[in-house]
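Right, one structure below, let's go through it.
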Amino acid sequence: MKKTAIILTVLFMALSCGGRKAAQTTAPASVQTPEFCADSAFSFIKAQTDFGPRVPNTQAHQDCGIWLGAMLSTFGADHVHFQNFDAKTFDGNTLKCVNIIGSFNIDQPTRIILCSHWDSRPWADNDPNPANWMKPVDAANDGASGVGVILEIARQMQKQAPEIGVDCIFLDAEDWGPGESYQGNDSEKWWGLGTQYWSRHPHVEGYRARYAILLDMVGGKGATFCREGYSVKYGRPVVEKVWKAAGKLGFGSLFPPVNGGYVTDDHYYINTIARIPAIDIIPYLPNCEESSFGPTWHTVNDNIENIDKKVLEAVGKTLIEVIYNEKP
Ligand code: AHN
Ligand code: ZN
């Protein structure tokens with residue numbers, strides 16, 4: 001995307017969401033929190049899908065990566081780090097990858113991580129129609145949604161900084177994992193390749209954070225976010241904090257206080273390799289026939305049409321509540 005387009009996107013946000021502050025109807029001890037504009041988050045998702053599927057080793061992937069770094073700079077990151085690396089895949093490819101890290105309040109030693117993968121799956125191999133199995137996924141939900149929510153939080157942080165430091169990390173090569181036909185017994189290690197790299201080679205030597213929150217598929221219609229297994233195992237206090245904040249804001253039906261399944265997602269490697277407590281906000285729909293992640297998961301229908309702004313809003317406002325109540 002060209003610089004003019006970036007500026008237009010930002011201008012549009014400023015106009016469509018005004019400068020309103022959230023109504024202060026909460027307990028008096030609560031801090032003043034900035035707004036979260038779901039229209040803005042949505043436009044950041046659309047900007048990503050407009051590049052086309054962000055499959056590693058494609059032009060769309062390369063262009064979108066540059067755009068994401070530029071957006072973090074535009075929203076006032078103190079530093080933007082492009083962490084380039086090569087990733088080997090289960091099917092013998094070498095991917096030119098980049099994790100993109102925007103650091104806010106860089107001088108603040110107490111830090112948290114907001115992260116999401118930004119790559120698109122190369123194959124819609126869960127599509128009901130086999131003719132689509134070799135097609136790439138637009139990945140509006142499975143990729144772009146978490147990034148869009150984080151970019152909107154970054155935009156708000158520029159207007160009003162939180163007390164703690166925040167690292168926004170866009171992780172590459174999450175979704176090149178093996179499909180159902182894979183014969184090996186090591187399938188887990190082929191997912192989250194960008195996270196595995198970052199966890200072994202953090203962007204700053206000796207890097208620590210209080211915790212990490214991973215967003216994965218946070219814009220799907222009908223989503224409910226149950227407490228994911230590894231999140232509870234490694235980051236129970238963080239899970240409790242986030243679900244409590246959601247309940248307080250009236251989003252208890254999207255964040256029910258019930259356990260979901262265990263998902264080998266990016267947060268798994270942040271917990272087990274980097275040893276930073278990491279939780280995953282990821283849908284769990286036990287009654288969804290196509291997938292417990294939702295009906296569009298790894299299908300060609302994971303596109304902008306199926307993004308629900310109400311879901312983005314619930315996740316974004318919950319995160320704002322958590323971040324602005326975090327003390328150094
Ligand atoms: C597994 O299915 C093993 N992990 C899912 C992680 C994932 C894929 N998140 C988004 N796409
Ligand atoms: Zn996926």
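One-based numbering, in listed order, for ligands and for the atoms of each. We number each residue from 1, following the sequence as shown.
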CA sep, side-chain torsions, deciding dist, call: Glu240, Lys244, salt bridge (charged side-chain N to carboxylate O under 4.0 Å, His left out): CA-CA 6 Å; Glu240 282 167 3; Lys244 188 175 166 198; over 6 Å; no

Nearest to the Zn ion (ligand 2) - the N/O/S atom of Asp142, by atom name: OD2

Asp142 neighbourhood, listing ligand 1 atoms whose heavy-atom distance to it stays under 4.0 Å: 10 (C), 11 (N)

For atom 8 (C) of ligand 1, closest protein heavy-atom neighbour: Asp175 OD1, 3.2 Å

Min N/O separation His117 to ligand 1 under 3.5 Å: no

Shortest-distance N, O or S atom of Asp175 relative to the Zn ion (ligand 2): OD2

Residue and atom name of the nearest protein heavy atom (relative to atom 9 (N) of ligand 1), distance in Å to one decimal: Asp216 OD2, 2.8 Å

Glu35 bridged to Lys159 by N-O distance under 4.0 Å: no

Atom 7 (C) of ligand 1 [closest protein heavy-atom partner, distance rounded to 0.1 Å]: Glu174 OE2, 3.1 Å

Min heavy-atom dist Arg121 to ligand 1 below 4.0 Å: no

Ligand 1 to Trp191 polar contact by distance, N or O atoms, under 3.5 Å: no

Atoms in ligand 1 with a heavy atom of Met217 nearer than 4.0 Å: 9 (N), 10 (C)

Flag for Asn99-His81: side-chain donor and acceptor within less than 3.5 Å: no

Any side-chain donor near an acceptor of the partner, Trp176 and Asp91, under 3.5 Å: yes

Polar side chain donor-acceptor pair, Thr299 to Asn126, under 3.5 angstrom: no

Residue-ligand contact Glu188/ligand 1, heavy atom below 4.0 Å: no

Protein heavy-atom partner closest to atom 5 (C) of ligand 1 - residue, atom, separation in Å: Val263 CG1, 4.0 Å

Residue of the set Asp216, Asp302, Val263, Asp142 for which side chain to side chain contact (heavy atoms under 4.5 Å, CB included) holds with Phe293: Val263

Close-contact set for ligand 1 against Thr264 heavy atoms, below 4.0 Å: 4 (N), 6 (C)

Aromatic plane relationship, Tyr234 with Tyr230 - under 30° parallel, 30 to 60° tilted, over 60° perpendicular: parallel

